[in-house]
Amino acid sequence: MSPEPGRRGTAVLRAGGPPAGVRTAAPPHRRDAPTSSVLTLPAADALVALGSSPRGLTSAETVARRDRFGLNELPGVGRGQAWRRLVAQFTDLFAVVLLVSSAITLLAYWLGRPRDPATLQLALAILGVVLLNAGIGFAQEYSAERTAESLKAMVPHTCRVLRDGERRELSARELVPGDVVILDAGDAVPADCRLIEAQEAAVNNAALTGESDPIARVAEPVPPGPLPEARNCVFMGTDLVAGTVKAVVFATGTSTEFGRIFRLAAAAPRQRTPLQRQVAVMARRVAGVALATGAVLFAVRAPSGQPFVDTFVFSLGVMVALVPEGLPATLSVSLAIGVRRMARRHALVKQLLAVEALGSTSVICTDKTGTLTQAEMTVVRLWADGVSHTVTGVGYAPDGGVTDAGPVRELLRAAALCGNARLVPPSGRDAWRVLGDTTEGALLVAARRPAWIRRRRRYAPPGWRSIPSTPRASL
């Protein structure tokens with residue numbers, strides 16, 4: 001029977017996000033002493049500290065904790081933010097100048113005698129330019145925002161959990177602190193967990209650190225230190241590439257390491273690009289020159305005996321004529337073309353003006369090899385009996401082939417059998433991908449390129465079995 005949650009275990013539980021349907025700011029990310037103490041405790045004591053047991057949580061306790069901590073998910077875009085982004089398109093200084101110009105033109109049409117239809121057409125044309133510019137910008141930002149939310153797709157949808165002493169497969173969003181999860185090689189980690197059992201385990205932390213090399217994991221206590229470096233923990237969004245583990249959840253939702261990155265990205269302040277600053281300066285100058293010119297002309301014509309309305313309308317017309325109405329639309333279309341070209345190269349641009357900022361970049365600083373790669377590996381050549389065999393195809397899609405593949409058939413079959421990686425076919429927007437070690441995945445894809453090995457077990461010899469090994473042991 002699991003310990004009472006009100007005992008010493010409650011101080012170490014961390015969970016993120018409000019109950020479902022509530023959109024509020026995420027709580028501050030804390031690194032308190034009780035959480036760190038779980039890492040330094042033996043596995044049995046860590047279970048007690050988290051208010052759990054080797055049999056997992058009871059159903060009643062799970063419901064209570066879910067009501068208290070919320071679901072294990074990252075917050076989505078609130079419904080009210082879409083219209084706010086649309087309104088923000090009209091707050092740009094140049095857009096404001098054009099809106100004022102359209103209003104002035106409408107006023108001139110209303111005061112003019114007789115009313116000139118061309119003036120009304122000009123006012124509507126200026127307003128149409130503003131709406132077109134806002135529509136292009138909003139569509140690009142809205143589409144990019146939705147694509148950026150694919151970050152949440154890295155969190156697994158289901159996981160194996162011990163509930164009431166029974167193994168169940170549940171939705172990952174139903175996890176709560178204290179749940180005991182079971183992970184095999186190739187599984188994605190659904191939450192931040194402390195290992196209580198580990199058999200030759202290794203993880204891929206590329207989603208957190210950019211490093212694609214497998215890192216060994218153990219269930220023994222570790223000395224106090226930064227949580228991301230704890231060798232007895234696995235974190236949401238990472239993958240188990242080798243071994244089998246049993247772990248207890250200690251953080252969910254936005255309180256996980258993955259959730260911290262999500263919050264930092266969402267809270268990053270927007271900076272004005274060089275183009276934005278230049279357009280703002282030009283808009284202020286144009287507005288100042290237009291107002292000054294209109295005022296001077298009005299002051300010159302007023303004492304000459306001209307009707308007041310005619311003088312005022314003439315001054316308004318000159319002011320509007322000095323505003324370059326077509327410039328915003330020209331900029332938006334040009335930047336949209338740049339965004340489209342970047343998308344063809346698989347680069348996501350969230351805002352139109354960011355294209356110009358990217359074009360102004362002369363130096364990109366990165367810390368290490370692999371950070372800017374796709375974390376994919378591809379076999380391009382095989383050697384057998386001193387003969388080189390070229391492998392065609394790029395990525396994890398099982399297309400392409402092998403030149404003179406007969407002599408390397410057994411080599412490819414052995415490469416496919418000696419690994420735990422799984423090849424996942426495309427679904428929705430996701431392309432072919434590998435669950436597990438990227439090297440094993442590359443070998444599996446190479447074996448499938450000649451279409452010989454479709455399923456590993458079909459070509460396995462009778463009585464075969466898999467013996468887990470760490471990357472170090474395999475060397």
Side-chain angles (χ1 to χ4, degrees), residues 1-24 26-27 29-30 32-39 41-76 152 155-184 187-198 219 227 232-237 240 244-259:
M1 187 172 182
S2 61
E4 292 295 330
R7 301 174 64 179
R8 77 176 191 177
T10 56
V12 300
L13 299 181
R14 295 191 294 121
V22 180
R23 303 295 183 186
T24 59
H29 196 62
R30 300 177 57 188
D32 46 17
T35 299
S36 300
S37 67
V38 176
L39 312 181
L41 295 174
D45 294 340
L47 282 171
V48 175
L50 290 168
S52 186
S53 72
R55 292 173 53 85
L57 298 175
T58 63
S59 298
E61 178 64 20
T62 300
V63 174
R65 296 193 183 193
R66 187 179 302 120
D67 293 338
R68 178 183 176 186
F69 298 112
L71 295 174
N72 177 37
E73 60 183 0
L74 300 178
K152 297 194 297 183
V155 180
H157 299 295
T158 60
C159 58
R160 293 181 296 278
V161 188
L162 290 180
R163 291 277 175 86
D164 299 314
E166 299 179 357
R167 180 182 297 193
R168 303 177 185 177
E169 185 168 347
L170 304 175
S171 172
R173 65 196 300 265
E174 298 180 9
L175 286 180
V176 296
D179 265 327
V180 176
V181 298
I182 300 173
L183 303 173
D184 294 326
D187 290 341
V189 180
D192 286 3
C193 307
R194 159 71 160 88
L195 301 187
I196 56 178
E197 294 181 11
L227 181 59
N232 59 358
C233 292
V234 290
F235 302 100
M236 172 190 284
L240 188 71
T244 302
V245 303
K246 182 184 291 185
V248 57
V249 176
F250 66 84
T252 59
T254 54
S255 287
T256 61
E257 287 295 309
F258 200 71

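Worth saying up front: this structure is predicted, and the values here are computed from it rather than measured.
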Are [X] and [Y] side-chain neighbours, meaning at least one heavy-atom pair lies under 4.5 Å?
| X | Y | value |
| --- | --- | --- |
| Val180 | Leu47 | yes |
| Phe69 | Ser255 | no |
| Asp187 | Cys159 | no |
| Leu175 | Val181 | yes |
| Asn72 | Ser171 | no |

Decide side-chain contact (heavy atoms from CB on, under 4.5 Å) for Asn232 and Arg194; before the verdict, give the C-alpha distance in whole Å, the side-chain angles of both, and the deciding distance to 0.1 Å.
CA-CA 6 Å; Asn232 59 358; Arg194 159 71 160 88; 3.2 Å; yes
side-chain contact (heavy atoms from CB on, under 4.5 Å) assessment of Glu174 paired with Val161:
CA-CA 10 Å; Glu174 298 180 9; Val161 188; over 6 Å; no
With respect to Leu195, which candidate in Val234, Val248, Leu39 satisfies the side chain to side chain contact (heavy atoms under 4.5 Å, CB included) definition?
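The option that passes is Val234.
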Minimum heavy-atom distance between [X] and [Y], given as atom pair plus value:
| X | Y | value |
| --- | --- | --- |
| Ala188 | Leu183 | O-CD2, 4.1 Å |
| Ala46 | Leu41 | N-CB, 4.1 Å |
| Gly51 | Leu57 | O-CD2, 3.6 Å |
| Ala191 | Thr252 | CB-CG2, 4.3 Å |
| Met236 | Asp192 | N-OD1, 3.0 Å |
| Cys233 | Leu227 | SG-CD1, 4.3 Å |

For Thr58, is there any backbone N or O sitting under 3.5 Å from a side-chain donor or acceptor partner on Thr62?
yes
To the nearest 0.5 Å, how far apart are CG in Leu240 and SG in Cys193?
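Going from CG on Leu240 over to SG on Cys193, the span is 11.0 Å.
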Would Val176 and Glu61 count as a side-chain contact (heavy atoms from CB on, under 4.5 Å) here? Give the steps.
CA-CA 10 Å; Val176 296; Glu61 178 64 20; over 6 Å; no
Any carboxylate oxygen within less than 4.0 angstrom of a Lys/Arg side-chain nitrogen, looking at Arg160 and Asp184?
yes
Set of residues satisfying side chain to side chain contact (heavy atoms under 4.5 Å, CB included) with respect to Arg168, sequence neighbours excluded:
Ser59, Arg163, Asp164, Glu166, Leu170
